[in-house]
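All remarks here apply to the structure that follows.
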Amino acid sequence: MKKVAFITLGCKVNQYETNAMAQQFIENNYQIVEPTQKADIYIINTCTVTNMSDRKSRQMLRRVKEKNAEAIVVACGCYVQVAKEEIETMEEIDIALGNNEKKDIVERVEKYRQESKRQNYREDIMKQRDYVELGQISYTEKTRAVIKIQDGCDRFCSYCIIPYARGRVRSRKPENIITEIEKNVQKGIKEVVITGIHIASYGKDFQEQYELIDLLEEINKIDGIQRIRLGSIEPLLMTQEFIERLVKLEKICHHFHLSLQSGSDETLKRMNRRYTTVEFKQIVERLRKAYQDVILTTDIIVGFPRRK
């Protein structure tokens with residue numbers, strides 16, 4: 001039985017997609033092993049949020065060959081999607097897959113095993129308009145399941161490369177999300193983490209009106225799920241109407257990660273963040289009023305450059 005090891009960099013979306021790829025390999029009679037072990041196939045699910053994540057992705061791709069010089073090395077994900085020229089110069093890589101190509105990973109590995117010829121697969125993700133399903137994922141090494149509900153982002157913050165790595169907003173069908181969560185419940189999972197590239201945009205690409213709060217209300221009804229945790233949230237999602245509906249959902253964890261990015265209105269404008277510090281403070285006050293025990297966390301970018 002061939003052994004496969006995964007190294008996952010970056011966000012919870014990557015974690016979910018690693019679980020999806022691992023499940024595909026298991027269903028095709030491969031064995032999943034720890035990345036510290038000797039494996040026949042190493043898969044590095046890369047990240048490209050910062051220069052540091054780019055460098056770490058390159059480092060991981062080079063290091064795995066040291067564990068087994070004969071191993072097949074697969075690079076996939078965001079760094080592969082946006083750094084075509086750099087990826088093509090790396091001799092350590094046998095297979096390069098963009099984000100949409102992760103669904104075909106077993107097929108690509110099997111093809112390489114037959115032909116021993118380097119493969120590069122990378123679609124123009126900006127042209128993708130439909131959510132790409134990776135199947136119903138129940139594989140997880142944790143006691144809670146990460147559930148991906150959408151991909152892509154239309155915000156185009158001035159500092160952010162993610163829309164170019166992930167494409168425009170594509171929302172997953174609610175029925176597929178519900179079915180996946182129900183399958184996780186059957187395996188004993190009691191907590192789900194709702195994640196995506198920009199979950200506040202969930203449903204904006206549907207023809208009929210159906211938004212994140214509608215989905216959360218449906219998930220809240222699922223027997224067996226005890227806790228629903230939200231991933232990073234766009235602050236502007238937290239309108240008074242949204243919070244009034246959210247507070248009625250008893251399974252929602254009272255922890256919200258609102259990405260502030262800067263405490264300067266001038267900088268927020270240059271970042272194209274579309275809210276002011278006053279608006280952010282009002283959102284925080286709404287949440288504190290709705291949840292007496294609320295826990296709030298955030299992100300801050302330090303040293304954002306000024307225009308010349």
Side-chain angles (χ1 to χ4, degrees), residues 4 6-22 24-25 41-64 72-109 111-112 118-135 137 146 148-172 195-199 201-202 205 231-232 272:
V4 183
F6 286 88
I7 297 173
T8 306
L9 305 174
C11 64
K12 284 186 171 62
V13 172
N14 262 9
Q15 179 185 324
Y16 173 90
E17 291 171 352
T18 289
N19 289 345
M21 290 186 286
Q24 290 180 41
F25 278 103
I41 303 142
Y42 291 97
I43 298 168
I44 293 80
N45 198 357
T46 63
C47 176
T48 191
V49 170
T50 65
N51 288 336
M52 184 67 72
S53 59
D54 285 356
R55 186 170 69 179
K56 192 169 184 179
S57 295
R58 291 191 296 270
Q59 288 174 343
M60 292 299 106
L61 286 162
R62 291 184 172 116
R63 284 179 187 172
V64 291
I72 299 171
V73 176
V74 183
C76 62
C78 291
Y79 180 59
V80 177
Q81 191 71 48
V82 300
K84 179 180 178 181
E85 293 180 2
E86 292 176 21
I87 289 293
E88 289 180 350
T89 63
M90 294 186 66
E91 297 179 358
E92 296 88 352
I93 298 171
D94 299 305
I95 304 171
L97 303 176
N99 277 315
N100 275 357
E101 290 70 46
K102 290 177 181 178
K103 67 183 186 303
D104 304 317
I105 190 164
V106 175
E107 178 185 341
R108 301 309 181 195
V109 167
K111 183 177 180 181
Y112 184 88
R118 177 168 174 144
Q119 302 172 36
N120 294 284
Y121 300 95
R122 189 188 299 98
E123 295 177 1
D124 182 353
I125 204 161
M126 297 303 288
K127 294 180 180 178
Q128 183 70 32
R129 290 294 178 265
D130 297 318
Y131 180 89
V132 174
E133 279 287 350
L134 294 172
I137 312 307
V146 175
K148 181 182 171 186
I149 66 167
Q150 65 83 228
D151 210 335
C153 182
D154 293 345
R155 305 299 278 183
F156 291 94
C157 297
S158 59
Y159 55 83
C160 188
I161 196 173
I162 293 304
Y164 304 98
R166 285 284 177 173
R168 307 303 291 259
V169 168
R170 288 101 64 206
S171 302
R172 191 178 183 190
T195 194
I197 299 302
H198 193 261
I199 63 174
S201 294
Y202 179 78
D205 53 326
S232 183
N272 195 29

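Here the structure is a predicted model, which means the values were calculated and not measured.
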Considering all heavy atoms of both residues, which atom of [X] and which atom of [Y] are nearest to each other, and what is their separation?
X	Y	answer
Ala75	Leu61	CB-CD2, 3.5 Å
Gly152	Val169	O-CG2, 3.8 Å
Pro163	Cys160	CD-O, 3.8 Å
Ile199	Thr195	CG2-C, 3.4 Å
Tyr164	Ile125	O-CG2, 3.6 Å

Hey, are the side chains of [X] and [Y] touching, using non-hydrogen atoms and a 4.5 Å cut-off?
X	Y	answer
Met21	Cys76	yes
Arg108	Glu101	no
Gln128	Asp130	yes
Ile162	His198	no

Suppose we screen for ring pair (Phe, Tyr, Trp, His ring centres under 6.0 Å). Which residues come up paired with [X], at least two apart in sequence or across chains?
X	value
Tyr202	Phe206
Phe6	none
Tyr121	none

Restricting to side-chain hydrogen bond (donor to acceptor under 3.5 Å, both in side chains), what partner residues turn up for [X], sequence neighbours left out?
X	value
Arg55	none
Asn19	none
Ser171	Asp205

For this session: Identify the residue among Ile41, Ile43, Val4 that makes a side chain to side chain contact (heavy atoms under 4.5 Å, CB included) with Ile72.
Result: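 For Ile72, the side chain to side chain contact (heavy atoms under 4.5 Å, CB included) test succeeds with only one of Ile41, Ile43, Val4, which is Ile41.
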
Applying side chain to side chain contact (heavy atoms under 4.5 Å, CB included), can you list everything that pairs with [X], at least two apart in sequence or on another chain?
X	result
Asn272	Arg274
Thr48	Asp54, Cys78, Tyr79, Val82, Ile161, Ala165
Cys47	Leu9, Val49, Ser53

Which pairs would a plain distance check flag for residues 89-98, meaning a side-chain donor or acceptor within less than 3.5 Å of a matching protein atom at least two apart in sequence or in another chain?
| from | atom 1 | to | atom 2 | distance (Å) |
| --- | --- | --- | --- | --- |
| Thr89 | OG1 | Glu86 | O | 2.7 |
| Asp94 | OD1 | Tyr112 | OH | 3.0 |
| Asp94 | OD2 | Val73 | N | 2.8 |

For this session: Could you list the residues that satisfy salt bridge (Lys or Arg N to Asp or Glu O under 4.0 Å) with Glu17, not counting sequence neighbours?
Result: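 So Glu17 forms a salt bridge (Lys or Arg N to Asp or Glu O under 4.0 Å) with Lys102, Lys148, Arg166.
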
Problem set entry | Non-neighbouring partners of Glu133 that pass salt bridge (Lys or Arg N to Asp or Glu O under 4.0 Å), sequence neighbours left out |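 Residues passing salt bridge (Lys or Arg N to Asp or Glu O under 4.0 Å) with Glu133: Arg172.
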
For this session: Spell out, as yes or no, whether a donor-acceptor pair under 3.5 Å connects the side chain of Gln150 to the backbone of Ile197.
Result: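 Judged by distance alone, yes, a pair lies under 3.5 Å.
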
For this session: For Asn45 and Asn14, indicate whether the former's side chain and the latter's backbone hold a donor-acceptor pair under 3.5 Å.
Result: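 Yes.
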
Problem set entry | Sole candidate of Lys103, Arg170, Arg168 that passes salt bridge (charged side-chain N to carboxylate O under 4.0 Å, His left out) when paired with Asp151 |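 Exactly one candidate clears the test, Arg170.
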
